[in-house]
Number of protein chains: 2
Amino acid sequence: MATISDVARAAGVSPATVSRVFNGGRVTAERAERVRKAAADLGFSPNRVARSLRTQRASVIGLLVPDVENPFFASLARGVEDAARRTGLSVVLCNTDDDVEKERGYLGIALAEQMAGVIVAAASRTHTDLSALVARGMPVVAVDRRPRAAEVDAVTVDNQHGGEDATVHLLERGYRRIACITGPAGASTSEDRLAGYRAAMRDAGTPDEQTRACTRHGDFRAEGGHTAMRELLALPTPPDAVFVADSLMTVGALQALREAGIEPPGFGVLSFGDLPWASLVRPPLTTVELPSYDLGSSAAELLRDRLAGSGKPLQTVVLRTVLQARESTAGPVPSG
Amino acid sequence: MATISDVARAAGVSPATVSRVFNGGRVTAERAERVRKAAADLGFSPNRVARSLRTQRASVIGLLVPDVENPFFASLARGVEDAARRTGLSVVLCNTDDDVEKERGYLGIALAEQMAGVIVAAASRTHTDLSALVARGMPVVAVDRRPRAAEVDAVTVDNQHGGEDATVHLLERGYRRIACITGPAGASTSEDRLAGYRAAMRDAGTPDEQTRACTRHGDFRAEGGHTAMRELLALPTPPDAVFVADSLMTVGALQALREAGIEPPGFGVLSFGDLPWASLVRPPLTTVELPSYDLGSSAAELLRDRLAGSGKPLQTVVLRTVLQARESTAGPVPSG
DNA sequence: CTGAAAGCGCTAACAG
DNA sequence: CTGTTAGCGCTTTCAG
């Protein structure tokens, strides 16, 4: 691997000049040309590790998500990666599985690796600790979920509004005993979507104890949705519709319904977050669409601004959801 | 950020000793303890960038995939990440969009960033050029797709066997005029799956011209599957089943069938590659499951061995597919 | 077993 | 505009 000195020697200039050519310093056109030619001949490209050590900042950012197999986070990751690429940044992918310990490990690596910054969908609203990074001056952007006490920029979705929208839609379509399968108790997204659901139910005059009895916490995976749905169906007075706060959990819930011989829209099903194959599921699913890709790209842009030294006060960008009504919530009595 | 010298000073030893403590060199227990305590007090963790520069090898590997939003690659990425984590490696995620230029850019970054190694699902069998990395001694593992001329380790799927399995299954279920929609003519995955289909048909005594008449090439997208299926249905003697060599194309094919008022399993449908929601499609789809996660973890382990200096000759690991029989291939006569 | 010293490749003052 | 110089933080001979 050719170094900057090799190029300097070949071009008959000093290493500093070579560096300047590659970093936009003032160099006469003629010399610059000679350097570029020498570099090309030697197949030289600047060693980023050495540069990082010298400048004390890297061109790598960390992205911590619970699980990239979740289509929502895959799309978010894609948004981050595309935006980062435009800025010349590389993205290190870290799956935390919503495990605070695992997350802590990755945050430590981000520090040790001197990453330029970190975008994190926090594993826990209360236990995720970003203070070490903030204290060291490393820019952090919270995405999707915002850890409670963190002094960081954030890009989130209006989950409460989305949950309320979803529930109101189900009510309007005539469902009465509407259940909710939300995510882990710690996560802010779970809580907010649940809060939206609760608010809408309360507005509709549903007694709080019924609402509570019809609420389950899952794990943002198909498995959790399946278990939760089975529990709900086993209730003395089972629900007639369900608002599932995550697309993967919806898959599990649908499976449980099918096993029980129950079909939408007789039983209403509304998913928070797109199913990639929504059009193939029968009947087509009503969903609350999340701007997952934009969430990622916005976060990366916010981080980029911070890296560029934007002195703005901390900001939180909130993106809106869009309700996509389809047949799975057509109404409690099968139309026909 | 505390440095190794800070710790050395605090512990009253030399930087070299601190380094030894953190890298398993021989140090007396008493001194080691003092160093560890000082390190803990200062919140010290070794600067990986400096270490990389010094040792000339990083603890970061690159992962190049076409698109992490494709569930197959998301799962593969997860497999890589999990295995890398166990080895103390971090993964940089790169989406190439099957664009050779983009891929080239990322390979250059891998070089400049002095990454420890690279795992790549090549954008092109013929145009992907891994030689620069190989020449510089950077370990490379090809995954899923193997660029033709590359001297690298590889982990692939036994596509031919999978295609044969699929076709035999359809034959056993009583379908007779089995069609095949495979991918682009250039891709090795397309060709291999098609070869498996042909072999099975030949073994079953089907005349070659029928097999050929019932074969179509698509583009690995829903659109291509849709077009191909329509053509097949328009044949003088249309098929009674189809083996679709890609999950997205299956989506298109199913849509075409639905438009024609045809339903599985009267018309058999078998998809190569999981649809994440396979069990939700009505009727549930029979699929040839690809070991996407294992593909990733195996690749990462192979890379780990290379990094550890395994002097073995280059190897190619071939993983088997698993046929998951469901209702969409229950048999040519609608049961019931 | 331990410390001193010499860089890994690059950039950022500082003179010239 | 250009070259010289001095490290960034760490590991690794080489003496002791």
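Hydrogens, waters and symmetry mates play no part in the numbers below; they use all other heavy atoms, side chains included. So you know, we letter chains A, B, ... as the sequences are listed, proteins then strands, and number each from 1.
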Per A/A50 side chain, nearest of listed nucleotides D/dC10, C/dC10, C/dC8: C/dC10

A/Q114 and A/S52: side chain donor to acceptor below 3.5 Å: no

Contacting residues from residues 10-35 of chain A, given that a heavy atom lies under 4.0 angstrom of DNA chain D: A/V13, A/S14, A/A16, A/T17, A/R20, A/R26, A/V27, A/T28, A/R31

Separation of atom CZ in A/R136 from atom P in D/dG9, rounded to whole Å: 13 Å

Distance-only donor-acceptor check, side chains B/S59 and B/R48, under 3.5 Å: yes

Note: A/D97-B/R78 ion pair, threshold 4.0 Å (strictly below): yes

d(CZ, B/R57; P, D/dT11) in whole Å: 11 Å

Interatomic distance, A/R54 CZ vs D/dC10 C1' [rounded to whole Å]: 16 Å

Exceeds 12 heavy-atom contacts within 6.0 angstrom, atom CZ of A/R57: no

Nearest-Å distance for atom pair CD1/C1', residues B/I4 and D/dC10: 6 Å

Integer-rounded Å distance: D/dG9 P and B/D6 CG: 8 Å

Atom pair distance, as rounded to whole Å: CG in B/L53 and C1' in C/dA6: 13 Å

Length of the CZ-C1' vector between B/R48 and D/dT11, whole Å: 16 Å

Centroid separation A/F44 to A/F22 less than 6.0 Å: yes

Going by atom type alone, with no hydrogens or angles, which donor-acceptor pairs under 3.5 Å involve a side-chain atom of residues 146-153 of chain B and a protein atom two or more places apart or on another chain?
{"unit_1": "B/D153", "atom_1": "OD1", "unit_2": "B/R306", "atom_2": "NH2", "d": "3.0"}
{"unit_1": "B/D153", "atom_1": "OD1", "unit_2": "B/Q315", "atom_2": "N", "d": "2.7"}
{"unit_1": "B/D153", "atom_1": "OD2", "unit_2": "B/R306", "atom_2": "NE", "d": "2.5"}
{"unit_1": "B/D153", "atom_1": "OD2", "unit_2": "B/R306", "atom_2": "NH2", "d": "3.2"}

Atom-to-atom span, CD of A/Q114 to P of C/dT11 - whole angstrom: 16 Å

